[in-house]
Every structure is written in structure tokens, then in C-alpha cells.
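Okay, structure first, notes after.
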Amino acid sequence: MALQKKARRRATQKIIPPVATRLLLIRHGEVEASYQKKFGGRMDINLSPNGRRQARILARYLRGKTIDAIYASPMKRVQQTLAPTLRQSTHSQEILDDLREIDFGHWTSLGWREVEEQFGFQAHEWLDQIHRHGVPGGESGKVFRARVEPLLARIIDRHPGQNIAIFCHGGVIRMILAILLKLPLPKTNHFDIEYSSITQVALHPHMNEVELLNFTPWRDLVG
């Protein structure tokens, strides 16, 4: 009888699902005007005055969010975006070199039209080129993924059930989404990843779920 009662109690106990791990994937703010609409890649570019404004608005938004850890690219445009958030936070960042932007090789510093003219493909096909052929003098999709994927796995393993902010670059965010959603990299061309935007992904045992895509506090909250 006692064993039956214990079995009934176990059966009626509320099953508490595991807490999801959440990634806040945050792109840097707008860069200097002379580098906009160009393949910046490994170029260490500063934010524009508007980009610094975006970073301040982003920091105010993040002040109301629970963040357990912050990881960031070492590049100046990311560090300048993160600075206002760190000033209001008790957290320190962990700088990870492998969160730097993809190396665009011979495309670096070129605009969309220049790449089309010099390399013979349409600008909207840039992710297909990276995925299938790689960038002349730069990284291929395979090399890029081999850099980002192990790093992402380590971050996730360190913080089960926590909220992790990753301040990085548009290309890195696209690669992370490709990994988490099991998509070919070119498919992420369907997603817009704007300056100083937040994309939030919840990692559940059975699936990964995009909860927020390309949310821009500087536009969506301020107007």
C-alpha cells in the first residue's frame, strides 16, 4: 500500500520543464559613413555618431533584461557598441577573437556594385559565394563555420538555463543562426540583421526557437 501511495504521489507531482538557454545576438551599431554599404570584414572601423546613439538606446533597453554573461568580438565597432551597456552593468565581458567578422579577402572595403563588377556575381548572392566558393583571399563558409561553431558550443555549455548576450557582427549572427536552425548559410539571406539589432534564440531540449528577430530599439522604441 505504501509503495502504491508513493507511486501515485510521483505521478501527480508537477513536471517542471527545463529552463531554456537564451542567446541575445547583438550586432554592432552603424559604422562610419565612408564604410557603409561596403564589405568591412576584418577592417577595424569606428561607429558613426548615429551608431553611438544606437548603442546608448540599446543599453537603456538591455537594462531591463536579465543577462547572465556577455561575450564580444574584439573589433572596435563592437566594443564601442557594448561600452554603454557595460557602464550600467555589473557584468564584465569576455572578449573572444573568434567572434570577429568574416574575412572578406579581396572584397574588403569594396561596395556592392564594385564587387559585382570585379567578381561577376550579383550582390544579393554574396552568401552563396561564401558558402560554395569562398572569398578570394578570405574565408570560405566551411572555414568560417569551423571557427564559429566550436566557440558557440562552448558558450552554450557554460551557461545552461541562462541568458547570454553575444555582441558581434552581421556575418557571425548569420552563421550562428545557420548552425542553430540547421540551415545552409545562404538561407539566412531571408533574415535582415540591421545595425544595433537584437535577435533572440531560445534553446530548448527538443528545438531551437527564434523569439525575436532583428529588433532595433533605436527605431522600434524611439521612432
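Keep in mind that what you see is a predicted model, and the values were worked out from it rather than measured.
Shown are Ile26, Leu221, Leu24; of these, the side-chain contact (heavy atoms from CB on, under 4.5 Å) with Phe215 is made only by Leu221.
Rounded to the nearest 0.5 angstrom, Ile193 CD1 and Arg174 CZ are separated by 5.5 Å. Thr199 contributes atom OG1, which lies 11.5 Å from atom CG of Leu180 (distance to the nearest 0.5 angstrom). To the nearest 0.5 Å, atom CZ of residue Arg42 and atom CZ of residue Arg100 are 4.0 Å apart. Separating the NZ atom in Lys76 from the CD atom in Gln80 is a distance of 7.0 Å, to the nearest 0.5 Å. Interatomic distance, CG of Leu99 versus CD1 of Ile173, reported as 10.0 Å (0.5 Å rounding). The NZ atom of Lys142 sits 15.0 Å away from the CG atom of Leu185 when rounded to the nearest 0.5 Å.
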Show me the donor-acceptor pairs within less than 3.5 Å that the side chains of residues 54-72 make with the rest of the protein, sequence neighbours left out.
residue, atom, partner, partner atom, Å
Gln54, OE1, Glu30, N, 2.9
Lys65, NZ, Gln200, OE1, 3.4
Asp68, OD2, Asn163, N, 2.8
Tyr71, OH, Arg158, NH1, 3.1
Tyr71, OH, His159, NE2, 2.7

All N/O donor-acceptor pairs, side-chain side in residues 116-133, below 3.5 Å, sequence neighbours left out:
residue, atom, partner, partner atom, Å
Glu116, OE2, Ala123, N, 2.9
Glu125, OE1, Gln122, N, 3.1

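Residue pairs satisfying the salt bridge (charged side-chain N to carboxylate O under 4.0 Å, His left out) criterion with at least one member in residues 199-216, sequence neighbours excluded, are listed as follows: Arg22-Glu211. Pairs engaging residues 185-207 under the salt bridge (charged side-chain N to carboxylate O under 4.0 Å, His left out) rule: Glu194-Arg219 [sequence neighbours left out].
Nearest heavy atoms, Thr216 versus Ser197: CG2-CB, 3.7 Å. The shortest heavy-atom contact between Trp218 and Arg53 is O-NH2, 3.9 Å.
Taking Ile, Leu, Val, Met, Phe, Trp and Tyr as hydrophobic and joining them when side-chain heavy atoms fall under 4.5 Å apart, one finds Val31 in a cluster with Tyr35, Met43, Ile45, Tyr195.
The hydrophobic clustering, which links ILVMFWY residues whose side-chain heavy atoms are closer than 4.5 Å, places Leu183 and Leu203 together. Taking hydrophobic clusters as Ile, Leu, Val, Met, Phe, Trp and Tyr residues chained together by side-chain heavy-atom distances below 4.5 Å, Ile164 shares a cluster with Leu213. By the criterion of side-chain heavy atoms lying less than 4.5 angstrom apart, applied directly or through intervening Ile, Leu, Val, Met, Phe, Trp or Tyr residues, Leu25 is grouped together with Phe144 in one hydrophobic cluster. Placement of Ile155 and Leu82 in two distinct hydrophobic clusters is found when ILVMFWY residues are connected by side-chain heavy-atom separations under 4.5 Å, directly or transitively. No path of Ile, Leu, Val, Met, Phe, Trp and Tyr side chains, each step under 4.5 Å between heavy atoms, connects Ile166 with Ile198, placing them in separate hydrophobic clusters.
A search for side-chain contact (heavy atoms from CB on, under 4.5 Å) contacts involving Asp157 returns nothing, not counting sequence neighbours.
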Checking side-chain contact (heavy atoms from CB on, under 4.5 Å) for the pair Gln93/Gln79: CA distance, chi angles, key distance, verdict? CA-CA 10 Å; Gln93 63 169 317; Gln79 288 297 307; 2.7 Å; yes
| request: Could you give me the CA-CA distance, side-chain angles and deciding distance for His106 and Val135, then say whether side-chain contact (heavy atoms from CB on, under 4.5 Å) is met? | output: CA-CA 7 Å; His106 298 330; Val135 183; 5.7 Å; no
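No side-chain N or O of His28 forms a donor-acceptor pair with one of Ser196 less than 3.5 Å apart.
Contact check on Arg147 versus Glu139 returns a salt bridge, with a Lys/Arg side-chain nitrogen under 4.0 Å from an Asp/Glu carboxylate oxygen.
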